[in-house]
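These notes concern the structure reproduced below.
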There are 2 protein chains.
Amino acid sequence: MAQSDTVDRILDAAEELFAERGFSETSLRMITSKAKVNLAAVNYHFGSKNALIHAVFARFLTPFSATLETAFDDLEERCDGNPPTLNQTLWALTESAIRMPQRNERGISIFMRLLGLAYTQSQGHLRKFLEQEYSQPFGRFMRLLKEATPELTAVDRYWRIQFMLGATAFTMSSSDALRDILQNKLGVETSVQEIAARLVPFLAAGMQAPDKLLAPPPESKVSVA
Amino acid sequence: MAQSDTVDRILDAAEELFAERGFSETSLRMITSKAKVNLAAVNYHFGSKNALIHAVFARFLTPFSATLETAFDDLEERCDGNPPTLNQTLWALTESAIRMPQRNERGISIFMRLLGLAYTQSQGHLRKFLEQEYSQPFGRFMRLLKEATPELTAVDRYWRIQFMLGATAFTMSSSDALRDILQNKLGVETSVQEIAARLVPFLAAGMQAPDKLLAPPPESKVSVA
DNA sequence: CGAGTCTTCAAACGTATGTTTCAAACAGAC
DNA sequence: GTCTGTTTGAAACATACGTTTGAAGACTCG
């Protein structure tokens, strides 16, 4: 074990536990005992718990954002000049995620869940870290979305992007549990690829829905104030 | 102060702090000092921190589920015989949430955020509590969704419901933060009602999207395995 | 081999948490 | 007014946390 596989053992254990239980609900002692590593190793190798959290994200996000950049490059080249469609953009993102080399078969769903938690748990330091570390591919994705939906106002687009993010992060993050339920209730097996194949059309349809209604449909007796 | 307004002061403070910071990130000392109440009062009146969390949810959720039941009653009566449409069902839910009597103007958004956190933070006790306490209106909502989308297979419907839940829970659980970002970037104010008015069409369109694609669109060079 | 560096280990530190204790203050009934 | 049950108060409890320490171990390279 040349260059301390302690670091990787810690990262593996932390990644899994954070995804399962959240950040503040996971203690360093849980991580180190799952990783079969001494408690002090975390502070020795990473400096602090927060720095460990950052490292967990960086280990996945750095190669992923590289993959994503080349996928976007390919896409824009293929469309030469014309802006890529919404479907193409969403698929470029989805395929980049699916095709990332995974440490294990749960890799994607674990990471989706972590991303969801990052957005949801109010860990100020994490949001700051992600923003300043990965603003470029994120901004590029946003720009592609904008060009693919020129009919939307900036505000409408903003909110619909949030809805997409939510549906994706939520579904992917709990997809293990959901897959199990589905198998028990309906006797169906589902792969991450199939979930993505169902999710993308859902997102695209939502993104391109007709204008927002400011009130409930006319059939309804009650109106919104 | 006849019947101990201590209880309500604690509930108010807890509700607000939980929504702001999450459950495990909020200590009893923060709550009691914000409520200007002795620390021991929480355990005296509620028994434990978990029981306090349950009480915060029950205070909102119990009247809400009653409101929701009558909204569903109204809706089904108005449709006499025919199953309500998807839009009608979603709006019945949304309006019931919006029209709930609020303790203050932030009432809805606080509670939406709490619901999002409940789904998102894996607080086992909370999920168990909510499931066994409010399974009836939830089941009824699911049944209405099923009748409103007879064209979907059970599996498709299952996944799309997850997508809807995700978009909703995620958006609501970070809606304050998102609103702030929006206000800073675009200088727009957004009320919960407006978010809902944008969310419902998005969900309805996604729910009724054309059949899932099993592969990326033909323009794409890469195919899913 | 042995000096020097990097890594592990057990133990402790200081702090914060949820919960308990028990006496004091209070309320309403007689 | 006094008694009884309920509510508050300050303090302590036990436990868990992130982090630090300093010595022991392992490894590299001359």
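Please read all numbers here as calculations on a predicted model, not as lab measurements. Every chain is numbered from 1, with letters handed out A, B, ... down the list of sequences.
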Pairs meeting criterion salt bridge (charged side-chain N to carboxylate O under 4.0 Å, His left out) with involvement of residues 30-40 of chain B, two or more places apart
B/Glu16-B/Lys34
For B/Asp5 and C/dA27, give me the distance from atom CG to atom P, rounded to whole Å.
13 Å
A/Arg29 CZ to C/dA12 C1', straight-line distance once rounded to whole Å
11 Å
When you look at B/Thr62 and B/Tyr134, which way does the side-chain hydrogen bond (donor to acceptor under 3.5 Å, both in side chains) test go after all the steps?
CA-CA 8 Å; B/Thr62 299; B/Tyr134 303 102; 2.8 Å; yes
B/His45 side chain N/O closer than 4.0 Å to the phosphate oxygens (OP1, OP2) of D/dT8?
yes
Kindly say if A/Thr6 contacts the phosphate of C/dT7, meaning a side-chain N or O under 4.0 Å from OP1 or OP2.
no
Taking the side chain of B/Met30 as heavy atoms from C-beta outward, which of D/dC17, D/dT7, C/dT17 is closest to it?
C/dT17
Within 6.0 angstrom of A/Glu69 CD, more than 12 heavy atoms from elsewhere
yes
On DNA chain D, check which nucleotide each of A/Tyr44 and A/Ser27 is closest to and give me the residue with the more 5' one.
A/Ser27
Here the distance between atom C1' of C/dG18 and atom NZ of B/Lys49, to the nearest Å, is 8 Å
Grab the CG-C1' distance between B/Asn50 and C/dT17 for me, whole Å please.
13 Å
Set out, in order, the CA-CA distance, both residues' side-chain angles and the distance that settles side chain to side chain contact (heavy atoms under 4.5 Å, CB included) for B/Thr67 and B/Arg99, then state yes or no.
CA-CA 9 Å; B/Thr67 301; B/Arg99 294 160 56 81; over 6 Å; no
So which of residues 31-40 of chain B are in contact with DNA chain C, with a heavy-atom cut-off of under 4.0 Å?
B/Leu39, B/Ala40
Tell me the interatomic distance from A/Leu28, atom CG, to C/dA11, atom P, rounded to whole angstroms.
19 Å
I'd like to know whether the aromatic ring centres of A/Phe170 and B/Phe170 sit less than 6.0 Å apart in this structure.
no
Do B/Ser24 and A/Glu25 have side-chain N/O donor and acceptor atoms under 3.5 Å apart?
yes
Between A/Phe23 (CZ) and D/dG18 (P), how many Å, whole number?
14 Å
What is the distance from CD of B/Glu25 to C1' of C/dA16, rounded to the nearest Å?
14 Å
For A/Ser24, which contact category applies under a 4.0 Å heavy-atom criterion: base, sugar-phosphate, or nothing?
nothing
Test A/His54 against every option in A/Arg59, A/His125, A/Lys128 by the side-chain hydrogen bond (donor to acceptor under 3.5 Å, both in side chains) rule and name the one that passes.
A/His125
What integer distance in Å separates A/Phe46:CZ from C/dT7:P?
12 Å
